[in-house]
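Working notes, beginning with the structure itself.
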Amino acid sequence: FYEGPIWYEKDFTYQPKDHTRIFLHIGAANYKSWFWVNGKKVCEHEGGYTSFNCDVTSAVHSGDNFVVAAVDNTRHEDYVPTLQTDWWNYGGLTRSVSLIEVPESFIDQYDVHLSRTEDSVIEGWAHVEGGQPGAKVELEIPELKATVSAVVSADNKAVFHMPVKGLVRWAPESPKLYQVTLRANADVIHETIGFRTVETRGTEILLNGKPIFLHGVSVHAEAPYRTGRANTDQDAATLLGWAKEMGANFVRLAHYPHDESMLRAADRMGVLVWSENPVYWALQFDNPKVYDKAQQMLDEEIGTSRNHAAIILWSMANETPNNEARTKFISSLAAHARALDGTRLITAALL
């Protein structure tokens, strides 16, 4: 029941490599947080349910280091969510914290998905931070014996278009996943991705071009047995396993983005997912600063989760009042979500 600041300190020994960039990766910190490395402030962040990174390249050094974090979960009227919610307001660091080491030029965002309009075509893009126009980025799916190269453009993006043969589509009854590799100079990313399409036809939802009926449950990020925030592979396997035992093919991850362990488990287990931005009940919908906070969380949610086949719905809000300011707020979020990801459906929970 405590609300207020919590402080953390961690000592670590580290040997930075030459020509690298180093980030402190925070899985989630509820709600407002500040981080220092060796006494130097490296970042601050607002929002309790999305991951973020702090560039600590200039702050770490060879040998002994330390990181200090302050996290404050006090609720305020102009926060997202606002003062009133119906779930436990856990505070502090609710997910893991780690150091990430990458080359000076690295892939910071990517989107690899199955085309809706061209059969058996994998498409998408990779954004190369620090990349030079004209540099090559390679996409490879070894099991399909498929490889394609793309050139980085002036906006640091390389766009892919790769026909494939023998592709097995991801679905609840057969959650096929492929090992995917992305390469940009010295940076190499290995990911596990499923390929499927989702769209609508009238009142029907189509998965891989065929109607599907979603039957499932809402799931909070509550750890079974040990209590607290769900943030481990075992938590995810238990929660989604219970849903599947009830015959569900679908879960709504209420009412905020969940830990990536839930999304990876859903990919493996064939559970469809509704992922929700924590725009909850009566926010200050006429406050531009509140909208900016909600859009930032949507950016972080989609930016970190867009390559999970299990997610078929981005939800903009839950049970909001019916008024003009609310409708403009959610409509703007929906338009932004479509601009970020045109491959999924947009929804909201409304009374």
Side-chain angles (χ1 to χ4, degrees), residues 49-50 109-119 121-125 167 169-177 193-219 240 243 248-258 260 262-267 269-280 294-295 297-320 322 326-351:
Y49 306 98
T50 48
Q109 288 279 332
Y110 55 95
D111 185 340
V112 182
H113 60 266
L114 182 61
S115 172
R116 279 185 180 178
T117 57
E118 295 182 83
D119 189 44
V121 169
I122 303 297
E123 61 185 15
W125 51 266
L167 177 75
R169 296 191 178 206
W170 185 97
E173 61 276 9
S174 56
K176 173 64 177 176
L177 299 174
I193 300 177
F195 297 102
R196 52 97 192 101
T197 59
V198 58
E199 53 197 324
T200 58
R201 182 177 62 199
T203 58
E204 292 180 316
I205 293 176
L206 306 181
L207 185 71
N208 296 321
K210 299 178 181 178
I212 186 170
F213 185 81
L214 305 179
H215 43 99
V217 292
S218 293
V219 180
L240 296 181
N249 66 356
F250 168 73
V251 293
R252 176 187 176 194
L253 298 183
H255 291 291
Y256 38 79
H258 287 216
E260 192 173 13
M262 285 286 281
L263 303 178
R264 290 190 181 278
D267 284 344
M269 298 168 68
V271 180
L272 298 162
V273 168
W274 159 319
S275 183
E276 191 156 278
N277 200 10
V279 174
Y280 191 85
Q295 181 172 295
M297 293 180 199
L298 187 63
D299 286 338
E300 291 170 340
E301 176 188 9
I302 294 177
T304 57
S305 305
R306 58 162 35 102
N307 290 290
H308 290 286
I311 298 177
I312 59 168
L313 292 157
W314 298 124
S315 173
M316 301 298 102
N318 174 74
E319 297 178 359
T320 51
N322 187 7
R326 182 288 311 255
T327 301
K328 180 181 178 181
F329 189 105
I330 295 180
S331 297
S332 297
L333 283 179
H336 186 69
R338 290 188 179 96
L340 293 174
D341 177 16
T343 71
R344 289 178 173 87
L345 308 181
I346 305 296
T347 190
L350 302 175
L351 291 175

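- Checked by atom type, the side-chain pair Thr197/Arg116 shows no donor-acceptor distance below 3.5 Å.
- Between the OG1 atom of Thr343 and the CZ atom of Arg196 there is a distance of 6.0 Å, given to the nearest 0.5 Å.
- Applying the ring-ring contact (aromatic ring centres under 6.0 Å, His included) test to Tyr280 and every residue at least two apart in sequence or in another chain returns Trp87, His255.
- Between Glu301 and Ser275, the closest heavy-atom pair is OE2-OG, 2.6 Å.
- Checking side-chain atoms of Asn249 against main-chain N and O of Phe213 turns up a donor-acceptor pair under 3.5 Å.
- Atom CG in Asn208 sits 7.5 Å away from atom CG in Leu114 (nearest 0.5 Å).
- Of the N and O atoms on the side chains of Glu260 and Ser305, not one donor lies less than 3.5 Å from an acceptor on the other residue.
- For Ser315, the side chain to side chain contact (heavy atoms under 4.5 Å, CB included) criterion is met by Trp274, Glu276, Thr347, not counting sequence neighbours.
- Put simply, CZ on Arg169 and NZ on Lys210 are 9.5 Å apart, with the number rounded to the nearest 0.5 Å.
- When every heavy atom of Val279 is checked against every heavy atom of Met316, the shortest pair comes out as CB-O, 3.3 Å.
- Electrostatic pairing of Arg306 and Asp341 does not count as a salt bridge here, judged by no charged N lying under 4.0 Å from a carboxylate O.
- Residues Thr304 and Pro257 have side chains not in contact (no heavy-atom distance under 4.5 Å, counting atoms from C-beta outward).
- The two residues Leu298 and Leu340 make their nearest non-hydrogen contact at O-CD1, 4.5 Å.
- Atoms CE and CE, on Met262 and Met269 in that order, are 9.0 Å from each other to the nearest 0.5 Å.
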Evaluate the side chain to side chain contact (heavy atoms under 4.5 Å, CB included) criterion for residues Leu263 and Leu253: first the C-alpha distance (whole Å), next the side-chain angles of each, then the deciding distance (0.1 Å), finally the verdict. CA-CA 10 Å; Leu263 303 178; Leu253 298 183; 3.9 Å; yes
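- Residues Leu272 and Trp170 share a closest heavy-atom pair of CD2-CZ3, 3.6 Å.
- Between Ser218 and Ala254, the shortest heavy-atom contact is CB-CB, 4.4 Å.
- Scanning all heavy atoms of the two residues, the minimum distance from Ala294 to Asn277 falls at O-ND2, 3.1 Å.
- The CD atom of Glu199 sits 8.5 Å away from the CG atom of Leu345 when rounded to the nearest 0.5 Å.
- Looking only at distances, a side-chain donor or acceptor of Ser115 sits under 3.5 Å from a matching main-chain atom of Thr117.
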Tell me which donor-acceptor pairs under 3.5 Å the side chains of residues 328-337 have, and how far apart each pair is, sequence neighbours excluded?
unit_1 : atom_1 : unit_2 : atom_2 : d
Ser331 : OG     : Thr327 : O      : 2.7
Ser332 : OG     : Lys328 : O      : 2.9
His336 : NE2    : Asp299 : OD1    : 2.5

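- Ile346 places a side-chain heavy atom less than 4.5 Å from the side chain of Arg338.
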Begin with the C-alpha distance, continue with both residues' side-chain angles, and end with the deciding distance and a verdict on side chain to side chain contact (heavy atoms under 4.5 Å, CB included) for Leu313 and Val273. CA-CA 7 Å; Leu313 292 157; Val273 168; over 6 Å; no
Begin with the C-alpha distance, continue with both residues' side-chain angles, and end with the deciding distance and a verdict on side chain to side chain contact (heavy atoms under 4.5 Å, CB included) for Val271 and Phe250. CA-CA 5 Å; Val271 180; Phe250 168 73; 5.8 Å; no
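- For the atom pair Ile193 CD1 and Asp267 CG, the distance stands at 9.0 Å (nearest 0.5 Å).
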